[in-house]
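A quick write-up on the structure given underneath.
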Protein chains: 2
Amino acid sequence: MASHGARGRSGGRPTLEEVAARAGVGRGTVSRVINGSPRVSDATRAAVEAAVAELGYVPNTAARALAANRTDAIALVVPEPETRFFAEPYFSDMLRGVGAALSDTEMQLLLIFAGSDRERQRLAQYLAAHRVDGVLLVSVHADDPLPDMLAQLEIPAVISGPRSAAETLTSVDSDNYGGARQAVEHLLGRGRRTIAHITGRLDVYGAQRRIDGYRDALREAGHAVDELLVEPGDFSEDGGRRAMEALLARRPDLDAVFAASDVTAAGARHVLREAGRRIPDDVALVGYDDSAIARHLDPPLTSVRQPIEEMGRAMIDLLLAEVADRRPAVSRELEPPRRMVLATELVERASS
Amino acid sequence: MASHGARGRSGGRPTLEEVAARAGVGRGTVSRVINGSPRVSDATRAAVEAAVAELGYVPNTAARALAANRTDAIALVVPEPETRFFAEPYFSDMLRGVGAALSDTEMQLLLIFAGSDRERQRLAQYLAAHRVDGVLLVSVHADDPLPDMLAQLEIPAVISGPRSAAETLTSVDSDNYGGARQAVEHLLGRGRRTIAHITGRLDVYGAQRRIDGYRDALREAGHAVDELLVEPGDFSEDGGRRAMEALLARRPDLDAVFAASDVTAAGARHVLREAGRRIPDDVALVGYDDSAIARHLDPPLTSVRQPIEEMGRAMIDLLLAEVADRRPAVSRELEPPRRMVLATELVERASS
DNA sequence: AGGTACTGTGGGAGCGCTCCCACAAGTGAT
DNA sequence: ATCACTTGTGGGAGCGCTCCCACAGTACCT
């Protein structure tokens, strides 16, 4: 390797200093132009820009990061194994939204999986080294220590799907409560009266909100809520199957099912078919997520769509704002966390 | 914000200097310990490690990058839109292999999509800024300018699937030639004599090698190669359909088809069915890739498996080596590019 | 005329590390 | 005892930038 002192002398990449010399101005002025400061005269700006173009100057990120104490990078942390990431359209939609929102920014996006213990270990190191200015957290379980860790390191973070009503991080969510109401009101409007609900995992806040929406929609329509019609699931197909069996055994007279996810609905559909119930003639079925599976089910599944791509966009907007007006944690603790809730949309198909 | 001078003074992250003071040694010694240099006595090493643990020291990446002129990051560049990345198992398998090979390294992996012009623009800037030490290139077309750009910037790179026999970059590939031979020899072994080949895109080197393998296998078994049995496809299902129609029209007596991809085979299967040919009774069918589609086809498709995960691992090994013994480009040009070819495996199923 | 403000600019200091040179201390051959 | 290495260590210089202070120049009030 070349000797240390001679490293970037002539053949290497041009530096700020060289651009300054070329443009006949000082280092500070070039820096101001590069960073878009308004305190530069038009003539000077033009001269600097010409020098930049002539030399093909590109700022050295490491030097900038060191001097300015920022990295211009944010991480999308997925606390799941990679397999799930690729399997579920949720993540790719989210990534698309995030990517779009970031595309007119200098910010660089890092995708970090933290499914295994080992990966979590690496992530902890990574965050401790402050290698990103902010973190996007998706699909976090209620007892995950990650959010606390971020708070302690004072790294700005935005979470999709708050962990509880008392979420301390800035959060973006879809309107789980409203979405559930839409589903139930739709079923009521179709003349259904005995509407069951297969819930999601009860330790997921969004699942709780869907239950609330289900109950309130019934109540406000003047129906009593029969707890025999509510059966816990876990978002999985198998869970949907088991829940449906339990429901059919308890209330064979039910005429509609609202499932907390499309996959759950697919499991329920299977059991209903085996029991000889026709969909939607005997039992109407509504799912949640409007995932690919909803379109391909037989019959196509009515489902509640969450605007996932928009959520990704919103998360970036909030995170960038938080990174920009980063303040001492003290004053931060006094403000309530920012929240954003996006509307859902009922997509009607043949199953209801 | 706190004043510049006071920034990292007391509340902030510990620095090398502080660790050195704590351990009662010099800055250089701490640096040696951190970087695993052997030129440190055991006692000193222990003292430094204790200080590091007590202070919770984590090296500042930006400072290290600036001083050492490296980033400890490499990029996996995918010159495709994100959608394809998520749709094709090829990429997720590759990512798994790459991730595994990297997991006991300090290297950080960046995933960069360069499907649109805009994204390519960003990538160019990114590379010009030397923000990564090396690049992994997957799925590059023959006329892509990316490799030249990398060469000019003197950024180490490894390509999966060389663009031609004269590929100048270090490359990792599966044995397309051998894989095709396996497929054809298998069909010959099953007593088939009139074996057609639907090729891949002719501008893809791997597709050419599969054609070579097909021809040589037939020739060496003492059969003449009938060019009427070779029809160009493009790896797509539709291409497979069209090619199969052409082949059936020209040589209705064919008794086997070797397709250059599983998707192509699926298209061919469709046409064969419509023409009333039974698989494998009338026509045996073999695909390439051993993708999910092969398992789910009716009948399940015999296919040539490429060890994609291993290829990912191999790419990392080669790239890290290249990054490690980075030399002036001059001496580099004198050596031939390194190449690695991994064996394929025929997975036999009901279609042949 | 003097003050006050603002605009535009140059350049010192410093970010936290790595690299390398200098040098002390020990080891063994002559 | 001298020389020649080797091993371990400290610290200066420098990586390329940002931040900020200082200051010249101009404009506008008293």
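Keep in mind that the numbers below use all heavy atoms, side chains included, and drop hydrogens, waters and symmetry copies. Throughout, a chain's letter reflects where its sequence line sits, starting with A, and its residues are numbered from 1.
In this structure, B:N69 atom CG and D:dG16 atom P are separated by 8 Å, rounded to whole Å. A:E106 has its CD atom 12 Å from the P atom of D:dT18, to the nearest Å. In this structure, B:D72 atom CG and C:dC17 atom P are separated by 14 Å, rounded to whole Å. The distance between atom CG of B:L16 and atom P of C:dC15, rounded to the nearest whole Å, is 13 Å. In this structure, CG of B:L66 is placed 18 Å from P of D:dA13, rounded to the nearest angstrom. Between the CD atom of A:E17 and the C1' atom of D:dG14 there is a distance of 13 Å, rounded to whole Å. Atom pair A:R27:CZ and D:dG16:P shows a separation of 12 Å (rounding to whole Å applied). Atom CG in B:N60 sits about 13 Å away from atom C1' in D:dC17, given to the nearest Å.
The pair A:R122-A:D117 fails the salt-bridge criterion, with no side-chain N (NZ, NE, NH1 or NH2) lying under 4.0 Å from an Asp/Glu carboxylate O. Between B:D93 and B:R96 there is a salt bridge, since a side-chain N of the basic residue sits under 4.0 Å from a carboxylate O of the acidic one. Under 4.0 Å is where a charged nitrogen must lie from a carboxylate oxygen, and between A:E322 and A:R338 at least one such pair does.
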What are the atom names and distances for every N/O pair under 3.5 Å that joins the protein to nucleotides 6-9 of chain C?
from  : atom 1 : to    : atom 2 : distance (Å)
C:dT7 : OP2    : A:R39 : NH2    : 2.9
C:dT9 : OP1    : A:S41 : OG     : 3.0
C:dT9 : OP1    : A:T44 : OG1    : 2.2
C:dT9 : OP2    : A:S41 : N      : 2.9
C:dT9 : OP2    : A:T44 : OG1    : 3.4

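Looking at B:F91 and B:S139, their side chains come closer than 4.5 Å, going by heavy atoms from C-beta outward. Two residues are said to be in side-chain contact when any heavy atoms from C-beta on lie closer than 4.5 Å; B:I74 and B:V135 fail this criterion. Between A:T15 and A:V19 the shortest side-chain heavy-atom distance does not fall below 4.5 Å.
If you check every strand for non-hydrogen atoms under 4.0 Å, B:R64 touches sugar and phosphate atoms only.
Residue A:S31 places at least one side-chain N or O under 4.0 Å from the OP1 or OP2 atom of D:dT18. Applying the 4.0 Å criterion to OP1 and OP2 of D:dT18, one finds that A:N35 has a side-chain N or O inside that range.
A perpendicular orientation is assigned to the rings of B:F113 and B:F85, their planes being inclined by more than 60° (bins at 30° and 60°).
One cannot find a donor-acceptor pair under 3.5 Å joining the base of C:dG16 and the side-chain atoms of B:R13.
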